[in-house]
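Below: the structure, in structure tokens.
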Amino acid sequence: MANKEEQALERSMEEIKRRAVMVPDMQMYTAMRSGIREGKRRERRRKYTYGIAAAAAVIIAAQIAIYPDVPNNRDAILPVQTSYGKHWNDSEIYQSANLSDPALANALERNLIKPVYTSVENKGIRVEILGAVTDGRKAFILYNVQNHSEQTVIHAGFSLDYGTIKAPFVGASLEMAGSSSQIGPGQTVNFAYSATLLPSVDYPKNVRYNAVFTQISEKALSSSSSKYRTSLSIPFELDSGMFQDETMLVPVNRSLTVDGQKIMVNQLLYTPLGTYVDMAYDENNSKQVFQLLNPVLLGKIGDTASKLYYPGIITADNSEVYTDASKFTLVFSGSPQKFDSVSLKIAGIAALDKNEMNITVDLNKKQIIQAPGKDLTLAEPAGTTEAGQVLFSRTIQKIQSLTSFNMRLADSFTDAKGAAYKISGDIGYTSRMVSEDAVAEAYAYNFGAQAVNYPQPLTIAIERYWNPIIESHTLELDSK
């Protein structure tokens with residue numbers, strides 16, 4: 001990672017550790033999914049933690065930054081043991097854990113996992129790769145960690161190498177198929193690693209999964225010594241073209257228009273793991289489109305329709321696939337390619353006029369001068385706060401909040417004379433409180449104690465803002 005990221009993570013390490021001890025183990029690994037992609041994203045943008053659960057994600061990201069996840073040469077030549085000819089028989093372990101990625105659930109249900117059963121042991125920590133699967137867009141590695149040492153350990157780093165090509169760090173995640181993130185002496189815990197791969201890269205078959213473990217004592221977590229950590233690298237084969245004969249790419253090149261905003265559908269990719277819909281927002285749109293509302297993929301045979309709901313999404317924020325924020329991919333679990341026709345239906349978009357992408361605040365008057373709509377207010381932050389700290393508050397009707405996202409602001413602002421400043425510190429937070437009929441959101445922002453002396457008002461750029469526009473549309477993407 002970049003030096004500036006390591007320094008920022010080190011500065012906040014002690015506070016993160018203090019907060020992370022309050023986080024249940026399952027929350028730690030749930031938060032990891034967003035924490036890992038956020039860790040790399042901080043090089044390009046500012047830092048966020050989303051409540052206490054994200055503190056756990058950040059502490060793991062901090063350990064990855066401080067403790068390199070590439071095993072040294074001595075570890076790289078550890079003996080490798082492989083159970084040749086063994087059939088995949090560990091689906092139940094992961095299915096019973098209710099892991100969050102639908103593509104992995106689909107692979108387990110359809111028995112698509114390639115058996116590997118290759119293991120490496122170092123200093124009493126044994127990692128066995130049980131199986132793996134990939135369609136060239138997503139990769140999943142299923143493995144267990146067996147602790148034969150006398151110390152409890154946790155993950156401190158993990159990565160996947162395709163020869164000299166590293167699998168993208170942004171978008172990588174790790175979930176556990178168990179109730180505790182800690183691996184005690186004599187215990188075995190199962191994990192599922194996933195990565196979002198780059199479609200433009202021809203990945204080789206020979207891969208290595210790298211894992212770093214650290215003891216959990218305060219001394220171990222705060223030490224830079226390698227004696228508290230164990231590194232392993234497990235080689236095996238993973239063919240990105242393993243489903244080549246079952247994959248179909250369909251050019252679409254059609255568009256739909258919602259509230260005057262043009263949205264392109266470039267292509268469909270059918271694979272056994274899921275259906276990928278590559279899309280883009282037109283750069284000439286008058287509104288900044290943040291999200292499609294309730295996208296559904298419809299497959300029809302005659303008058304009979306089948307629907308795929310709740311897609312994942314690949315963006316420039318959560319992957320290395322895109323650098324352009326206007327491009328994205330919807331990922332549906334399952335494939336409707338055997339249908340007569342396939343269509344995409346949406347209920348609308350979340351979007352904001354480009355000339356409304358700012359919030360203007362007068363700190364001395366404690367007043368919002370300008371903001372999108374009329375429902376954003378300034379609230380009193382809880383506890384003792386410094387001058388320059390504000391808390392934005394907003395209430396959203398519950399029916400509109402089901403697919404909503406948190407507001408996100410830039411990490412810099414300008415004063416009334418146009419001078420630019422960075423926010424104070426590197427951590428903001430959001431919170432949500434759900435009542436029977438509404439969702440109350442809060443977003444903390446720290447201008448810095450000196451900001452009260454700057455020429456008022458102060459203006460912040462909006463990066464994301466929940467503003468649903470309900471307008472249903474259906475676009476046919478493929479027909480036989």
Side-chain angles (χ1 to χ4, degrees), residues 199 248-270 274-300 303 305-319 321-332 334-337 339-358 371-375 396-397 399-408 461-480:
M248 183 170 66
L249 182 66
V250 179
V252 178
N253 298 320
R254 298 177 186 175
S255 66
L256 52 85
T257 301
V258 183
D259 193 41
Q261 312 309 303
K262 186 177 180 181
I263 304 166
M264 286 294 302
V265 181
N266 298 320
Q267 62 183 19
L268 277 173
L269 177 67
Y270 300 114
T275 300
Y276 301 82
V277 187
D278 295 332
M279 305 182 68
Y281 305 121
D282 194 296
E283 294 181 355
N284 296 318
N285 287 338
S286 62
K287 289 181 170 66
Q288 182 70 48
V289 184
F290 306 113
Q291 182 175 294
L292 304 182
L293 302 184
N294 301 326
V296 179
L297 207 58
L298 305 173
K300 285 190 175 182
D303 295 329
S306 180
K307 301 178 181 180
L308 300 180
Y309 295 95
Y310 311 120
I313 185 168
I314 299 171
T315 69
D317 276 351
N318 64 13
S319 77
V321 174
Y322 299 115
T323 57
D324 184 345
S326 68
K327 297 180 180 180
F328 63 102
T329 297
L330 299 179
V331 185
F332 292 89
S335 175
Q337 69 177 99
F339 289 87
D340 296 333
S341 67
V342 176
S343 300
L344 177 67
K345 182 178 181 179
I346 64 172
I349 56 176
L352 198 63
D353 284 330
K354 290 181 178 179
N355 59 11
E356 295 182 0
M357 294 282 291
N358 291 295
K374 298 180 180 180
D375 57 354
I396 301 172
Q397 295 302 308
I399 193 171
Q400 293 184 352
S401 70
L402 298 178
T403 59
S404 68
F405 49 78
N406 291 319
M407 178 175 70
R408 192 173 74 209
I462 294 172
E463 295 186 352
R464 285 172 67 86
Y465 196 88
W466 177 247
N467 183 49
I469 299 170
I470 308 301
E471 187 177 305
S472 179
H473 288 268
T474 301
L475 178 69
E476 185 175 82
L477 307 181
D478 184 22
S479 60
K480 302 297 187 288

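Note that the structure is a prediction, hence the values are computed from the model and not measured. Count residues from 1 along the sequence.
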Nearest-0.5 Å distance that lies between atom CG in Leu344 and atom NE2 in His473: 11.5 Å
Give me the one residue out of Met357, Arg464, Glu463 that meets side-chain contact (heavy atoms from CB on, under 4.5 Å) with Gln288. Met357
When you measure from the side chain of Asp282 to the backbone N and O of Asn284, does any donor-acceptor pair fall under 3.5 Å? yes
Qualifying residues under side chain to side chain contact (heavy atoms under 4.5 Å, CB included), relative to Ala461, sequence neighbours excluded: Asn358, Ala410
Apply side chain to side chain contact (heavy atoms under 4.5 Å, CB included) to Ile346 and Leu256, showing your working. CA-CA 10 Å; Ile346 64 172; Leu256 52 85; 4.0 Å; yes
For residues 324-332, tabulate all N or O donor-acceptor pairs below 3.5 Å that involve a side-chain atom, not counting sequence neighbours.
unit_1, atom_1, unit_2, atom_2, d
Asp324, OD1, Ser326, N, 2.9
Asp324, OD1, Ser326, OG, 2.8
Asp324, OD2, Ser326, OG, 3.1
Thr329, OG1, Asp278, OD1, 2.7
Thr329, OG1, Tyr322, OH, 2.5

Please round to the nearest 0.5 Å and tell me the distance separating atom CD of Glu476 and atom CG of Leu298. 10.5 Å
Scan for side chain to side chain donor-acceptor pair (under 3.5 Å) pairs involving residues 256-266, sequence neighbours excluded, and state none if there are none. Asp259-Lys287, Gln261-Ser286
Walk me through whether Leu269 and Leu249 qualify under side chain to side chain contact (heavy atoms under 4.5 Å, CB included). CA-CA 5 Å; Leu269 177 67; Leu249 182 66; 4.0 Å; yes
Asn406 side, atom CG; Trp466 side, atom CH2 - distance, nearest 0.5 Å: 11.5 Å
Taking atom CG of Asn253 and atom CG of Leu477, what is their separation to the nearest 0.5 Å? 11.0 Å
dist Met279:CE -> Ile313:CD1 (nearest 0.5 Å) comes out at 9.0 Å
